[in-house]
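These notes are about the structure you will find just below.
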Amino acid sequence: MKKILLIISSFFISVTALADQPKEWQLGFQNPASGGMRDIVNFHDNLLLPIIIAITVFVLFLMLYACVRFRASANPNPSKRTHNVTVEILWTLIPCLILIVMAVPSFKILYKQDTIPKADLTIKAVGYQWYWGYEYPDENIIFDSYMIEEKDLRADQPRLLAVDNEVVVPVNKVVKVLITANDVLHAWALPSFGVKRDAVPGRINETWFKAEKEGTYYGQCSELCGIKHAFMPITVKVVSEEDYQEWLSEVRVKFAKEEIENDKLKIASK
Ligand SMILES: [Cu+2]
């Protein structure tokens with residue numbers, strides 16, 4: 001009983017609580033932090049859910065009605081009817097119309113996600129067994145991002161989600177993400193931004209987001225990639241432009257892409 005109450009109350013709380021990561025007893029999506037995710041949540045909450053609820057209630061009503069109206073005691077001589085053209089046309093047409101009503105806005109959202117606006121910055125995420133490597137090609141920065149073990153966590157860091165080196169991006173800027181993998185399939189996914197793309201060895205997928213709120217956002221590898229699949233989280237810190245510039249000047253030294261790597265690339269390209 002206590003659990004049921006908790007689920008019900010968390011449903012109402014989760015709407016208002018700032019959720020940049022999964023919460024206990026959470027229902028529904030994490031709070032959106034980008035326009036793309038807001039579209040998805042609106043589509044789900046305002047169109048899909050009402051349709052699903054209406055269909056469920058209608059089917060439940062039909063079942064109850066059939067159980068009562070056509071029970072054996074009240075209906076000793078059952079009908080032998082097998083066809084009814086009107087009903088058959090209706091139960092084919094109405095679901096088709098419902099699907100069309102859902103398809104049109106859903107394609108709109110898909111198209112919007114697929115069209116990358118002019119990017120303010122580009123980051124490259126490379127999946128490895130089992131961590132993520134990041135590059136800022138325009139800044140000559142490269143670093144790896146490992147999950148922090150449970151024993152090393154700070155009080156404010158969530159278990160299985162925090163990493164040692166976070167991706168840092170400025171707020172309200174279009175970030176283009178190039179996604180690939182080095183060994184097996186991985187997937188770069190961040191629920192608050194409505195972003196999820198497969199990381200495929202030998203191929204570069206791309207997606208984008210524009211974070212609208214400062215904060216720390218968490219995601220996970222979302223393609224089963226081996227024994228430590230659950231231990232290669234994604235952390236993105238969204239900061240102000242000034243903080244981003246400050247971070248850049250620090251990591252340009254700390255995570256500078258080494259010359260030797262560039263030489264290697266030159267030799268390889270010959
Ligand atoms: Cu993975």
Side-chain angles (χ1 to χ4, degrees), residues 19-24 26 28-34 36-37 40-41 110 113-114 116 119 121-137 139 141-154 156-169 175-211 215-238 247 251 254-255 257-258 261 264-265 268:
D20 304 333
Q21 67 192 63
K23 294 274 186 289
E24 282 187 25
Q26 174 186 331
F29 294 107
Q30 292 178 37
N31 276 359
S34 74
M37 190 56 192
I40 295 174
V41 174
L110 268 179
Q113 287 179 342
D114 207 42
I116 304 181
L121 76 143
T122 303
I123 59 178
K124 184 174 163 193
V126 186
Y128 297 92
Q129 280 179 318
W130 287 274
Y131 61 95
W132 288 97
Y134 293 100
E135 267 179 65
Y136 287 56
E139 309 291 344
I141 294 168
I142 185 167
F143 61 89
D144 292 333
S145 183
Y146 285 88
M147 188 193 80
I148 300 178
E149 296 289 329
E150 207 172 333
K151 60 178 174 18
D152 303 322
L153 283 176
R154 285 198 320 260
D156 60 332
Q157 286 176 320
R159 181 178 157 267
L160 299 181
L161 291 173
V163 298
D164 54 357
N165 296 316
E166 295 127 344
V167 174
V168 177
V169 295
V175 181
K176 179 165 153 181
V177 194
L178 305 173
I179 300 161
T180 186
N182 196 48
D183 35 42
V184 298
L185 292 180
H186 301 270
W188 203 81
L190 245 157
S192 303
F193 298 161
V195 164
K196 182 182 274 179
R197 276 284 185 286
D198 270 5
V200 184
R203 181 193 158 98
I204 291 187
N205 283 337
E206 55 182 26
T207 186
W208 69 282
F209 63 84
K210 183 170 152 188
T216 308
Y217 301 90
Y218 299 98
Q220 289 174 305
C221 175
S222 297
E223 186 76 70
L224 195 51
C225 61
I227 193 164
K228 287 177 80 183
H229 161 64
F231 308 105
M232 48 182 297
I234 296 149
T235 307
V236 174
K237 240 172 115 175
V238 178
W247 177 80
V251 293
K254 193 172 156 198
F255 296 140
K257 207 169 174 179
E258 284 170 27
E261 201 160 349
K264 262 191 207 160
L265 280 178

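Remember, it's 1-based here, ligands and their atoms both numbered in the order they're listed. Here, residue 1 is the first one in the sequence, and each next residue gets the next number.
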If only atom types and distance count, is the side chain of [X] paired as donor or acceptor with the main-chain N or O of [Y] below 3.5 Å?
X      : Y      : result
Asn165 : Asp144 : yes
Trp208 : Gln113 : yes
Trp188 : Ala199 : no
Asp183 : Gln129 : yes
Glu150 : Arg159 : no
Ser222 : Gln220 : yes

Near the Cu ion (ligand 1), which protein N/O/S atoms are found at less than 2.8 Å?
-> His186 ND1, Cys221 SG, Cys225 SG, Met232 SD
